[in-house]
Trainee: 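Take a look at this one; I'll ask things after.
Values reported hereafter were calculated over all heavy atoms of this structure, with side chains retained and with hydrogens, waters and symmetry mates removed. We name chains A, B, ... by the order of the sequence lines, and we start the count at 1 in each one.
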2 protein chains.
Amino acid sequence: MLTIGKLGEAAGVKVPTIRYYEQIGLLPEAERSAGNQRLYGRKAMERLAFIRHARDLGFTLEAIRDLLSLSDRPDQSCAAADAIARAQLAEIESRLARLTALKAELERMVVQCAGGKIADCRVIEVLGDHSLCATDHRHPESEVPS
Amino acid sequence: MLTIGKLGEAAGVKVPTIRYYEQIGLLPEAERSAGNQRLYGRKAMERLAFIRHARDLGFTLEAIRDLLSLSDRPDQSCAAADAIARAQLAEIESRLARLTALKAELERMVVQCAGGKIADCRVIEVLGDHSLCATDHRHPESEVPS
DNA sequence: CCTTGAAGCTATAGTTGCTAGAGACATTAG
DNA sequence: CTAATGTCTCTAGCAACTATAGCTTCAAGG
């Protein structure tokens, strides 16, 4: 049985984060020692590792909640899990595309900065005038006001 | 003189967001009409466009605050602006690298999912066991507990 | 056995960058 | 003139933690 500190260390998750996960119901309420301290076994460890890994992969806590409830019912079809993973992949692909465009513009900006005075600074200038910018970075959702 | 709604429309920024920017001091307090409604001129419009564009590029509001205060002093060296932009570029490059690795792992996960039962699902399995994962996604800062 | 320092506990508030709601006043189109 | 829309302020909420305060418990050394 591990205390919360050891568990956090083992899983690479900070102690308050573990308590937070318990609070929002991602982790079950932990057993307690005589002195009211949380104690964790291997199952909790695995569940926390799962969460940690999924967070690392950019899944939201909500998606993780779904995946965990799926993994609790091993007899069902894994179509739902597959769908969640595919959605996450699509999300990451779109973020990648956006970031790539942003990187290009930032590079142009930085390269053009001649190191002179602010008045001539391309960084400030480009930021102030979208028309100086080659690519279109507008968020999709900002086009269609909900 | 534009009302806040027109300004928001023109700049592609939602009305509450403009008020929020004013509240946190990114935009100066707006002039008011007889009926206490905010009125904006061209200067406010440009400042808001600057903020919008910089946000699109992923700059934090803090960085934008710095850039704005730089642009208010056109005689000074643009080294600081350049540094902010370069930091932003580095940040984006690192996010790009991470996202690229995540994408690879998600793709592997999704491809391997045979569409059977949860018990055999690669998605769940890979998430639960980091050793099944080729790449290392740990956040740099999580290695060195502060 | 006792003390000390680290680690644990609860509860609350703060972070970033907005977004949503309530309820009241202003403006504008028909 | 009235109805619909827009704006006002204020407060609270979102994700996903992080930090603080003030306490209790535990493990190790003397």
Trainee: Would you say A/F50 ends up clustered with A/I24 if hydrophobic residues are merged whenever their side chains have heavy atoms under 4.5 Å apart, either directly or through other cluster members?
Mentor: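 Looking at the clustering, A/F50 is in the same group as A/I24.
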
Trainee: If every non-hydrogen atom of B/L70 is compared with every non-hydrogen atom of B/A81, which pair is closest and at what distance?
Mentor: CD1-N, 3.4 Å

Trainee: Heavy atoms under 4.0 Å is the rule here; annotate nucleotides 22-30 of chain C 5' to 3' with B where the base is hit, S where only the sugar-phosphate is, and - elsewhere.
Mentor: ----SS---

Trainee: First locate atom CG of B/L27, then atom OH of B/Y21, and finally report the distance between them rounded to the nearest 0.5 Å.
Mentor: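 Result: 8.5 Å between the selected atoms.
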
Trainee: Are B/M45 and B/L39 linked, directly or through other ILVMFWY residues, by side chains that come within less than 4.5 angstrom of each other?
Mentor: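 In one cluster: no.
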
Trainee: Taking only N and O in the side chain of B/R52, is any of them less than 4.0 Å away from OP1 or OP2 of C/dG17?
Mentor: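 Indeed not, no polar side-chain atom of B/R52 lies that close.
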
Trainee: Looking only at non-hydrogen atoms, find the nearest pair between A/E29 and A/E22 and report the distance.
Mentor: CA-CD, 3.9 Å

Trainee: B/R98 and A/D56: which non-hydrogen atoms are nearest, and at how many Å?
Mentor: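 Nearest heavy atoms, B/R98 then A/D56: NH2-O, 3.1 Å.
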
Trainee: May I ask you to say what B/R19 touches in the nucleic acid, namely base, sugar-phosphate or nothing, with a heavy-atom cut-off under 4.0 Å?
Mentor: base

Trainee: With each end axis built from five pairs of C1' atoms, what bend angle do you get for the helix from C/dC1-D/dG30 to C/dG30-D/dC1? Round to 10°.
Mentor: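 That helix gives 10° between its end axes.
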
Trainee: Kindly give the heavy-atom pair with the smallest separation between B/Q88 and A/L106, and that separation in Å.
Mentor: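 Scanning both residues completely, I find the closest heavy atoms to be CG-CD1, 3.7 Å.
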
Trainee: From A/R108 CZ over to B/L89 CG, what is the distance, rounded to the nearest 0.5 angstrom?
Mentor: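 With rounding to 0.5 Å, CZ (A/R108) is 13.0 Å from CG (B/L89).
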
Trainee: For DNA chain C, find the residues of residues 2-10 of chain A with a heavy-atom distance under 4.0 Å and give them by number; none if there aren't any.
Mentor: A/T3, A/I4, A/G5

Trainee: Kindly give the heavy-atom pair with the smallest separation between A/V13 and A/R52, and that separation in Å.
Mentor: CG2-CD, 3.6 Å

Trainee: Compare the minimum distances between each of D/dC17, C/dG8, C/dG17 and the side chain of A/R55, then state the nucleotide with the smallest one.
Mentor: D/dC17

Trainee: Which nucleotide wins on minimum distance to the side chain of B/P16, given the candidates C/dC9, C/dT19, D/dT18?
Mentor: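 Selected nucleotide: C/dT19.
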
Trainee: Checking B/L2 now: which residues fulfil side-chain contact (heavy atoms from CB on, under 4.5 Å) with it, not counting sequence neighbours?
Mentor: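 Only B/K6, B/L7 meet the side-chain contact (heavy atoms from CB on, under 4.5 Å) criterion with B/L2.
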
Trainee: Considering residues at least two apart in sequence or located in another chain, which fulfil the side-chain contact (heavy atoms from CB on, under 4.5 Å) criterion with A/A44?
Mentor: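 A/Y40.
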
Trainee: Which is true for B/F59 with a 4.0 Å heavy-atom rule: it touches a base, it touches only sugar-phosphate, or it touches nothing?
Mentor: nothing

Trainee: Answer yes or no: are there more than 12 heavy-atom neighbours, outside A/E93 itself, under 6.0 Å from its atom CD?
Mentor: yes

Trainee: If you take all heavy atoms of B/R55 and B/T60, which pair is closest and at what distance?
Mentor: NH1-CA, 3.9 Å

Trainee: Polar atoms only, N or O, under 3.5 Å: list the protein pairs with nucleotides 12-16 of chain C and their distances.
Mentor:
none

